[in-house]
Amino acid sequence: MLGSINPALYSVFFRLLLLNMRRSAAPSQLQGKHLKKTKFIPPARSNPSPNEEITKLNPDIKLFEVAANDTLLQSQTNPRICSLNLLPAEESGREINHGDNYKEKYCFEAPAMATLELHHTVHSSPKEITVSKGQEVEPENLVKYFNVIWRKASKKKHKKWEGDAVLIVKGKSFTLKDLEGKDIGRGTGYKFKDLEKIEEGQTMMIGGKEIEVMDIISPDDFSSGKCFQLGGGSPAISSSSQAANRCFLNPLKSVCKPTSKENTQSIFQNCKPRHDPYLPNSLVMLRPDNNHQRMFNKNCFPVVDVVIDPHLVYHLRPHQKEGIIFLYECVMGMRVNSRCGAILADEMGLGKTLQCISLIWTLQCQGPYGGKPVIKKTLIVTPGSLVNNWKKEFQKWLGSERIKIYTVDQDHKVEEFIKSPFYSVLIISYEMLLRSLDQIKHIKFDLLICDEGHRLKNSTIKTTTALISLSCEKRIILTGTPVQNDLQEFFALIDFVNPGILGSLSSYRKIYEEPIIISRQPSASEEEKELGERRAAELTCLTGLFFLRRTQEVINKYLPPKIENVVFCQPGALQIELYRKLLNSQAVRFCLEGLLENSPHLICIGALKKLCNHPCLLFNSVKEKGCSSTWDENEEKSLYEGLINVFPADYNPLLFTEKESGKLQVLTKLLAVIHELRPTENSKAGGVGLNLIGGSHLILYDIDWNPATDIQAMSRVWRDGQKHPVHIYRLLTTGTIEEKIYQRQISKQGLSGAVVDLTRTSEYMQFSVEELKNLFTLNESSHCITHDLLNCDCTGEQDHTGDSLEKFPISRNCQLGPHHQKFNSLKPLSMSQLKQWQHFSGDHLNLTDPFLERIRENVSFFFQNITNQTTAP
Ligand SMILES: Nc1ncnc2c1ncn2[C@@H]1O[C@H](COP(=O)(O)OP(=O)(O)OP(=O)(O)O)[C@@H](O)[C@H]1O
Ligand SMILES: [Mg+2]
């Protein structure tokens, strides 16, 4: 921006401005009386190291990948590099905790303005006070103390104050002490009249140092030591004065002229950081650079440290601290010029909610410019089932007093939020948002958070267009789903948070999508491969500035043990008989003839699944459809033909017993033993985004084609905050379609890039005739056909663990290529991994798990895997 201004005008501007300022880099100077006690901390006195945990972070967390040749991001210098630091490197500041793996120096930048200080008229030629010739009468009791700032005597044009000090004048002698109480200057035999006259504002040379007197210290403050570092008030204020010195203004639009003392005072009042940035574990946000100040600090407020509430920091995991810094920098536009969007795509359970709550709370109370809050109102849009979850999380971390949350539901309309001045956060479901859009459009939201935001991957759906229509620039998408696997969907999400950053959709397709997709095809030439890889890398770099994903590994160590069991339950006699009958039906035979287009295979699969759960479910369908005579239902009718005769004549589905279903028998026994051994832990099922840490036993009864469903449910329970070992039981009926669905789950890794994605279930349900043949077979003679498939040499007679995992490199099919290829613990299990699990048949004698022990009678085979093993189970 400044580049377009005539340099002569630019220089005149700074001269004019400086006439109104005192001088450069003198921290105590600019703060008005009320801040005079503030100390400049000598550069050597750095605070102790920031949060050490963070420095040990998973190296996977790379927040600051910058594409050097990236034209879109060209004006964004790496925020970590102090390019304008005019102080000597070793004196440029003290260490401060930015919460990341950098123990960085704070940048006390002194830009152009500071270098022009020589035009200052008042202080240009301080006089050396002279030594007495010895004839003077010296009153014995003259002792005075002063706060001063000092620098070495120098003839250089560009001088900087080096620090605060305490000047002690005693008779004809003086001592200068730094704020640690160390002597940094001494002199004796001075003219008494010179020393006696020292007053506030005076500049002089004394003992080879130039000093300026800031104010008088009372004898009390001196003797109590308050005037030194320990008692001298918050040291952090120095930052604001530094920043004030640095403040650029647009010369053509000068609005800030702190001409009078009062004016200066009022600007600097209330400019303390809300929390002390120098406490050992404080989490301090990056200060805005000059570019940012030019753009966003038009009023030239002093820069104040933004510090995360220590109450929150106490609870934050290291990756969450990083996440908050990331979100802060994104929404403040510090990472990409004029863009304030972010995507936080941490795997599920990593506490995205807490990271956002911390951000909201921070921005609502603080800001880097004059400490003014950055946001007033926040809109959180989330799936309906999570609205209350959000509210609870706010209460959990901030209590109910700090921040007022309004949740929209049938009884609580948006109008109430509009009318009330108390609420600052509105939480609403996607559905309600559409219904209340007219009202919501009239509210000025400063921050928009879209939870489970992968649903915005389609830019034409109503929800997306509705949200785009809100004029809120600071947009955050939260998602646990790996959205970067589909390049078009990825574009939609990126374009939502930072509109236009990837250009138009058509240019994006040409520049990125096409070459990347071509390069991934087996037929791609070397040249195409290379181009695709480079484009993918560039895209990753570009979006990596505001896209962050961490995997479960960062949290695992905080979680209790997880005991996963796959339990193969023996089917009941009625189940087997009905199963055989179904497989012999005309409908199944029709499917196997290969006429897949109109094949009723989904109906057949549905019937078999029902039967595995419990025969009574099948009975109900048979009864219903058996009486129906519509043409459409003919196929289903043909599937059920003769089935009713297999059920006992007096079968009453309402009086079903667990004996008829292998899985139900196991379930009943499991519930009983859980109740007996762990009476306070009850298991429930879970859905997207839910936290069910109250339960620690999860029983997965009905299998889904998509492994994401199981993983979702599992990660609802085994997540941060869980106190008990978590037991997970996946129940499967031995030899049936359930085992085959399970095998398909774990062997079809390539389907969705081997990552968890709830939306891709249909991809797991496309079958070849061969696959259908396998599905429609009942294996009655094996303990476990899944184990048979592993080519394991054990016979299930004792617990056994198969080949070493290293033999099976984990590969992942991701369109963005190697940049995202880190092993992901929430990935569906592979066959080779399953082989690593302990496994044994139901009649294995040495079962130590008391829960499994209770169900062994109905179980033909077990697989078990323990994560974070301590004394589990
Ligand atoms: N630092 C922490 N200490 C203790 N518990 C935490 C911490 N951070 C988050 N939690 C808890 O972890 C659980 C999961 O957090 P959250 O619901 O925010 O996960 P998420 O990242 O949104 O996952 P999902 O993608 O499944 O929605 C919650 O119960 C939350 O209170
Ligand atoms: Mg969530």
Side-chain angles (χ1 to χ4, degrees), residues 51 53-54 57 61 99 281 283 308-324 326-327 342-361 380-399 427 429-430 449-455 476-483 493 548-560 562 684-696 698 708-724 726 755-759 824-826:
N51 191 335
E53 270 182 302
I54 286 180
L57 266 183
I61 303 175
N281 285 321
L283 181 60
I308 307 297
D309 192 332
H311 169 80
L312 287 171
V313 176
Y314 176 79
H315 297 283
L316 294 172
R317 307 288 187 209
H319 76 277
Q320 291 172 329
K321 294 180 185 175
E322 289 289 344
I324 293 165
F326 162 81
L327 289 174
I343 298 180
L344 182 61
D346 286 347
E347 270 183 2
M348 46 193 139
L350 262 58
K352 294 185 280 295
T353 321
L354 173 56
Q355 294 175 62
C356 287
I357 288 173
S358 307
L359 180 79
I360 296 169
W361 176 233
I380 299 172
V381 196
T382 180
S385 58
L386 299 180
V387 170
N388 277 324
N389 199 62
W390 269 91
K391 193 175 181 179
K392 278 190 202 143
E393 287 276 312
F394 267 104
Q395 272 166 1
K396 178 171 172 178
W397 302 113
L398 290 172
I427 307 176
S429 67
Y430 284 99
I449 296 178
C450 302
D451 193 16
E452 303 296 337
H454 44 268
R455 65 170 65 202
I476 297 175
I477 280 184
L478 302 180
T479 175
T481 303
V483 286
L493 297 182
L548 179 64
R549 179 169 177 82
R550 277 81 58 89
T551 58
Q552 179 87 20
E553 271 89 279
V554 297
I555 198 82
N556 279 358
K557 65 176 172 207
Y558 303 106
L559 301 183
K562 174 173 72 170
K684 292 179 193 169
V688 170
L690 270 183
N691 297 312
L692 294 172
I693 51 174
S696 56
L698 174 73
T709 315
D710 284 7
I711 292 168
Q712 270 282 350
M714 211 177 321
S715 66
R716 301 300 116 207
V717 182
W718 194 57
R719 60 171 46 201
D720 212 346
Q722 176 60 265
K723 304 269 185 297
H724 304 286
V726 168
V755 286
V756 180
D757 188 346
L758 280 175
T759 62
N824 177 341
S825 65
L826 293 184

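First listed ligand is number 1; within each ligand, the first listed atom is number 1. One-based numbering along the sequence shown.
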Quick one: does Asp346 get a heavy atom under 4.0 Å from ligand 1? no
Look only at the side chain of Gln722 and the backbone of Arg716, and say whether a donor-acceptor pair between them is shorter than 3.5 Å. no
Would you confirm whether Trp718, through its side chain, and Pro560, through its main-chain N or O, come within 3.5 Å as a donor-acceptor pair? yes
Under 3.5 Å: donor-acceptor pair, side chain of Gln355, backbone of Gly351: yes
Heavy atoms only, cut-off 4.0 Å: how does Arg719 contact ligand 1, side chain, backbone, both, or neither? side chain
Backbone N or O of Trp397 within a donor-acceptor pair of the His315 side chain at under 3.5 Å? no
Atoms in ligand 1 flagged as close to Glu452, the criterion being non-hydrogen separation under 4.0 Å: 27 (O)
State the atoms of ligand 1, each with its element, that fall below the 4.0 Å cut-off from a heavy-atom position in Lys396. 29 (O), 30 (C), 31 (O)
Among Leu316, Leu354, Thr481, Thr353, which residue places a heavy atom closest to atom 18 (O) of ligand 1? Thr353
Return yes or no for this condition: an N or O of Gly349 is under 3.5 Å from an N or O of ligand 1. yes
State if Arg716 counts as touching ligand 1 under the rule of any non-hydrogen atom under 4.0 Å. yes
Ligand 1 to Gly351 polar contact by distance, N or O atoms, under 3.5 Å: yes
His319 backbone acceptor or donor facing Arg550 side chain under 3.5 Å: yes
Would Tyr558 count as a contact of ligand 1 if the rule is a heavy atom under 4.0 Å away? no
For Asp710, give me all partners under side chain to side chain donor-acceptor pair (under 3.5 Å), at least two apart in sequence or on another chain. Arg730
Under 4.0 Å from one or more heavy atoms of Glu393, ligand 1 contributes atoms 28 (C), 29 (O), 30 (C), 31 (O)
Where do Leu344 and Lys352 come nearest, in terms of heavy atoms and distance? O-CD, 3.6 Å
Under 3.5 Å, is there a donor-acceptor pair between the side chain of Arg549 and the main chain of Ala345? yes
Going by the 4.0 angstrom heavy-atom rule, the piece of Trp390 near ligand 1 is neither
